[in-house]
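Notes follow the structure.
One is the number of the first residue; the rest follow in order along the sequence.
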Amino acid sequence: FRLQKSLGEMAAVEVLRRLAFDRSDTITVLRLLLLLRDLIGRSAPQWLPPMALAITIDLAGSISHFGTAGCLLELFERLALPVHEKWFYLMRAAEDLNCARGRAFSLLGKITPAEKRTQTASAVLEMCGRVVEGRREACEIFSEFHYAPAASQVLEWMEEDRAVIMVACGFLVRVEHRPAVQRLRSLLERSNVAPDYIAMAGCLATWQDHEAVPVILSKLAICDKVYADQVARVLLRFGAEVVPQIQKIQQQNSGYKAEQIQKALDGF
């Protein structure tokens with residue numbers, strides 16, 4: 001506020017000048033980006049955003065601090081520039097920002113022009129082949145952009161990183177990747193994390209993979225009481241034929257878990 005009051009439009013120019021010539025350490029860059037982020041907004045003169053872009057365009061490759069990278073992306077999001085310019089720069093930045101690639105992908109999902117969606121998804125898939133960071137956000141892009149060619153690779157990620165499982169299941173259903181059934185069933189059988197196996201079970205229920213029913217029943221038998229309702233509801237998506245098997249498991253339990261199973265049955 002004091003900078004704007006004393007220097008007006010030239011406040012941002014002075015910060016940009018320092019940013020161009022003083023990148024001696026992470027904290028200096030972060031402080032300058034924080035100032036610049038708040039000096040540049042929709043009310044900035046038209047000549048300022050392109051100048052800011054020209055000076056910050058090569059910063060991404062030298063940033064290794066998550067907070068600084070996040071500030072750069074916030075600054076970029078505020079720049080009043082045509083969406084194609086933003087997209088082009090962000091594609092470059094996402095390649096370099098290893099420490100905040102997921103955040104860059106999330107922003108890409110918001111600003112990518114419709115005609116660039118396939119190109120963006122393809123590039124994101126290639127980037128994720130080299131770095132684990134950002135795979136969950138990449139799955140969100142694949143789902144939003146309906147990018148079916150990523151399905152096989154996403155299945156590989158599900159084996160390696162449970163953080164992607166829930167969003168990956170939504171993606172696989174959206175692109176109707178039914179070849180995933182057998183592998184997904186195997187993953188479901190090995191999973192001991194309730195939110196994960198509920199997501200995978202829901203995916204298999206959508207495709208009516210009846211071979212998965214015994215596996216899901218086994219999860220109902222061992223799951224914590226707080227998840228019993230959700231697991232039972234997934235099973236009921238296979239039809240009335242599973243009701244006696246669910247009731248059998250219910251009889252083997254008491255208290256809150258049995259009540260939760262009954263809640264699912266009552267809603268069937």
Side-chain angles (χ1 to χ4, degrees), residues 12-13 15-16 19-20 23 26 29-150 153-154 157 163-164 167-168 170-171 174:
V13 175
V15 172
L16 282 168
L19 190 60
R23 301 179 182 181
T26 297
V29 172
L30 176 57
R31 286 172 173 165
L32 291 170
L33 285 174
L34 285 168
L35 282 171
L36 191 59
R37 182 193 64 185
D38 293 328
L39 287 168
I40 290 183
R42 295 295 173 184
S43 60
Q46 291 184 346
W47 52 265
L48 192 51
M51 180 186 291
L53 184 62
I55 291 174
T56 60
I57 199 164
D58 64 335
L59 264 179
S62 61
I63 292 176
S64 58
H65 178 258
F66 179 80
T68 307
C71 190
L72 177 66
L73 291 172
E74 283 182 37
L75 165 67
F76 174 69
E77 192 170 9
R78 293 186 186 197
L79 290 176
L81 291 168
V83 67
H84 280 77
E85 286 186 41
K86 281 195 174 188
W87 170 81
F88 179 77
Y89 171 65
L90 190 56
M91 286 285 281
R92 287 183 54 184
E95 180 75 34
D96 296 330
L97 281 174
N98 292 338
C99 61
R101 184 165 286 172
R103 193 164 180 176
F105 287 166
S106 293
L107 187 52
L108 264 176
K110 295 178 185 177
I111 71 166
T112 297
E115 67 274 15
K116 297 291 186 181
R117 286 187 162 196
T118 299
Q119 183 179 345
T120 298
S122 176
V124 166
L125 180 61
E126 184 178 349
M127 290 181 215
C128 287
R130 299 189 295 273
V131 180
V132 173
E133 165 69 26
R135 286 180 176 178
R136 182 176 61 82
E137 292 81 3
C139 289
E140 291 173 350
I141 283 181
F142 301 149
S143 184
E144 176 68 22
F145 295 176
H146 214 273
Y147 188 65
Q153 187 60 63
V154 167
W157 296 348
V164 308
V167 66
F171 161 64
R174 183 162 190 183

Going from [atom1] on [X] to [atom2] on [Y], what distance comes out if it is rounded to the nearest 0.5 angstrom?
X    : Y    : atom1 : atom2 : result
E126 : Q153 : CD    : CD    : 11.5 Å
L34  : L72  : CG    : CG    : 11.0 Å
R174 : H146 : CZ    : NE2   : 5.5 Å
R117 : W87  : CZ    : CH2   : 13.5 Å
R31  : L36  : CZ    : CG    : 16.0 Å
F66  : L97  : CZ    : CG    : 10.5 Å

Would you find a donor on one side and an acceptor on the other, under 3.5 Å apart, between the side chain of [X] and the backbone of [Y]?
X    : Y    : result
S106 : G102 : yes
K86  : L79  : yes
R78  : R37  : yes
S62  : L59  : yes
R101 : E133 : no

- Item | side chain to side chain contact (heavy atoms under 4.5 Å, CB included) between K110 and E77, intermediate numbers included | CA-CA 10 Å; K110 295 178 185 177; E77 192 170 9; 3.9 Å; yes
Taking all non-hydrogen atoms of both residues into account, name the closest pair between [X] and [Y] and its distance.
X    : Y    : value
L108 : L90  : N-CD2, 3.5 Å
C139 : V167 : CB-CG1, 3.7 Å
A163 : R136 : O-CD, 3.4 Å
A12  : I40  : CB-CG1, 4.5 Å
L73  : A104 : CD1-N, 3.7 Å
F105 : C128 : CE1-SG, 3.5 Å

- Item | Crowding at CZ, F88 (>12 non-hydrogen neighbours, <6.0 Å) |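 It does not: F88 CZ has 12 such atoms or fewer within range.
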- Task: State which residues pass side-chain hydrogen bond (donor to acceptor under 3.5 Å, both in side chains) with E137; sequence neighbours excluded, sorted by chain then number.
- Result: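 Testing E137 for side-chain hydrogen bond (donor to acceptor under 3.5 Å, both in side chains), a comparison that skips the adjacent residues, returns none.
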- Mind running side chain to side chain contact (heavy atoms under 4.5 Å, CB included) on F145 and T112 for me, showing each step along the way? CA-CA 10 Å; F145 295 176; T112 297; 3.8 Å; yes
Side chains of [X] and [Y]: closer than 4.5 Å at any heavy-atom pair?
X    : Y    : answer
L16  : L48  : yes
W47  : V13  : yes
L125 : Y147 : yes
L107 : F76  : yes

- Derivation and outcome, side chain to side chain contact (heavy atoms under 4.5 Å, CB included), residues L30 and C71: CA-CA 7 Å; L30 176 57; C71 190; 4.1 Å; yes
